[in-house]
Amino acid sequence: MAKSSVIVVGAGVAGLCCALELLERGLEVAVVERAAVLGGESCSWMAGGMLAPWCERAITEPELVTWGEPSIDWWTRNFAGTVRKGSLVVAQARDLPDLSRFASRTERYQWIDTEGIAALEPGLAGRFHRALFFPDEAHLDPRRALAALADALERRGVAIQLGVELMPEAAEAHVVVDCRGLAARDALPDLRGVRGEMIVVRTPDVRLARPVRMLHPRLPLYIVPRGDGLFMIGATMIESERRGPVSVRSALELLNAAYALHPAFGEAEIVELGADLRPAFPDNLPQVRRDGRVLRANGLFRHGFLLAPALARQVADTIFNSMLETDHADLPQRRRA
Ligand SMILES: Cc1cc2nc3c(=O)[nH]c(=O)nc-3n(C[C@H](O)[C@H](O)[C@H](O)COP(=O)(O)OP(=O)(O)OC[C@H]3O[C@@H](n4cnc5c(N)ncnc54)[C@H](O)[C@@H]3O)c2cc1C
């Protein structure tokens, strides 16, 4: 492999966002990916693609909003398929107290009633009496988004080297950005996998314009419309590192919840059942850690698409602030940032 100034190892959402950011800041970048096809072994392939910092704020840390909000503009600039129509949170009548609790833990929402729900999502008319509408949120199809980032890299002369498994320490480069996801556990012992399962279904009988979350005491569910009658139903969150197919219990719970959202899901075709392990640090927030000339960017947990642009900025800042000027003043660059 030719000597490059920066090698990014891993072409999941973290690696692709880092590569693009570094390229935009003028560095020479190469990307290697062990899978033979883009997304073939990546957790990013399984994601729902919600860009929902305020909904997630209700269940996670405040940093999520600070880091995640600018991502919505980032994705809009870098992926034309980004849909900015907000998201909706509903609950069945018996779970309405959960909706109020959810609201009390976050911001940037509007309470809407039966008419408001029908106006936003005619397909749900009459099914729910109250909902929270988060108008500033967005969503995307992760698989098309990954392909769009790979195309953007290729247009700038960076072809992802597929089928190349590389240990970051062995890479011939001035700086190595380790974006191996859970595979980086050899170097990050506190990284764990959190199992997530999802189901993709197709039905012409349900129309949704935006992701809908349904609060449920046991399994909060979301459904993300993918167009052409496709819907991603997600996702379980299980503290288990078991790989392998979706369990019967999880499939039943996900499909039951979808059926409760709209009975027409009962006639939908199951297109795909998928599972993967989300890479997470103990506080469930991402980090960039420096290890000599290797920067490890990891821990995106359930927010890979939401937080990868911020993680990429942090990687680039670290290279420019503490690696480039001092340790690697000779680093080849296309132009100065
Ligand atoms: C069911 C489910 C739903 C989700 N929904 C959402 C959502 O709605 N919104 C959101 O923002 N996030 C979501 N996530 C989380 C998101 O998918 C992850 O946070 C994200 O994919 C992690 O990205 P990553 O690039 O760090 O890891 P990965 O996507 O796993 O990428 C790591 C890459 O490195 C490669 N690799 C590993 N070792 C090597 C090596 N030695 N040499 C070369 N390549 C190597 C792997 O093949 C892989 O392609 C979801 C996750 C799951 C499982």
Side-chain angles (χ1 to χ4, degrees), residues 7-19 30-53 55-56 60 64 67-68 71-72 75 87 137-143 145-146 149-150 160-171 176-188 191 193-200 211 213 221-224 232-238 243 246 250 254 272-281 284-287 296-312:
I7 289 185
V8 177
V9 183
V13 69
L16 295 179
C17 288
C18 284
V31 183
V32 298
E33 165 56 48
R34 70 179 173 188
V37 290
L38 188 69
E41 295 177 34
S42 121
C43 178
S44 305
W45 202 249
M46 292 299 153
M50 288 180 303
L51 304 174
C55 278
E56 289 295 313
T60 42
L64 215 81
W67 297 342
S71 291
I72 297 176
W75 281 108
S87 44
E137 297 191 333
H139 70 280
L140 48 74
D141 178 337
R143 299 175 184 184
L146 293 176
L149 297 189
I160 297 167
Q161 299 169 50
L162 293 166
V164 177
E165 181 157 13
L166 186 68
M167 292 313 282
E169 286 69 19
V176 184
V177 185
D178 178 356
C179 293
R180 290 177 294 151
L182 198 59
R185 221 164 18 172
D186 53 7
L188 298 168
L191 198 67
V194 180
R195 182 173 165 85
E197 295 153 300
M198 62 85 164
I199 302 181
V200 179
R213 293 180 186 231
L221 153 120
Y222 58 81
I223 296 192
V224 189
M232 185 274 200
I233 307 170
T236 57
M237 205 159 64
I238 303 172
R243 290 201 177 266
V246 176
S250 296
L254 290 169
E272 179 181 343
L273 293 110
D276 212 319
L277 301 179
R278 307 172 179 97
F281 286 118
N284 293 334
L285 290 172
Q287 292 179 25
R296 307 200 196 272
N298 217 313
L300 285 167
F301 184 45
R302 53 182 272 148
H303 308 118
F305 285 79
L306 180 63
L307 298 183
L311 191 73

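Hydrogens, waters and symmetry mates play no part in the numbers below; they use all other heavy atoms, side chains included. Just follow the structure's listing: the first ligand is 1, and inside any ligand the first atom is 1. Everything numeric here is computed off the predicted structure, so don't read it as measured data.
For atom 9 (N) of ligand 1, the closest non-hydrogen atom of the protein is M50 O, 3.3 Å. The single protein non-hydrogen atom nearest to atom 25 (O) of ligand 1 is A14 N, 3.1 Å, given as residue, atom name and distance. Nearest non-hydrogen protein atom to atom 28 (P) of ligand 1 is C43 N, 3.6 Å.
The Y222 neighbourhood of ligand 1 comprises atoms 3 (C), 4 (C), 5 (N), with distances under 4.0 Å to a heavy atom of that residue. Near G49, the atoms of ligand 1 lying under 4.0 angstrom from a non-hydrogen atom of the residue are 7 (C), 8 (O), 9 (N). Using a 4.0 Å cut-off to heavy atoms of V9, the atoms of ligand 1 that qualify are 40 (C), 42 (N), 43 (C). The ligand atoms of ligand 1 that sit less than 4.0 angstrom from a heavy atom of G181 are 26 (O), 27 (O), 32 (C). Atoms of ligand 1 lying under 4.0 Å from any heavy atom of M46, numbered from 1 in the order shown and given with element: 1 (C), 2 (C), 3 (C). Here is the list of ligand 1 atoms found below 4.0 Å of a heavy atom in A183: 37 (C), 38 (N).
Looking at G48 next to ligand 1, an N or O pair under 3.5 Å apart turns up.
Using a 4.0 Å cut-off between a side-chain N of Lys or Arg and a carboxylate O of Asp or Glu, R180 and E165 do not qualify as a salt bridge. The pair D276-R195 fails the salt-bridge criterion, with no side-chain N (NZ, NE, NH1 or NH2) lying under 4.0 Å from an Asp/Glu carboxylate O.
Of the options R195, R302, M237, R34, the smallest heavy-atom separation from atom 13 (C) of ligand 1 is shown by R302. Of the options A11, A52, C179, A235, the smallest heavy-atom separation from atom 32 (C) of ligand 1 is shown by C179.
At a heavy-atom distance under 4.0 Å, only backbone atoms of V164 (N, CA, C or O) approach ligand 1.
Residues N298 and A184 share a closest heavy-atom pair of ND2-CB, 3.6 Å.
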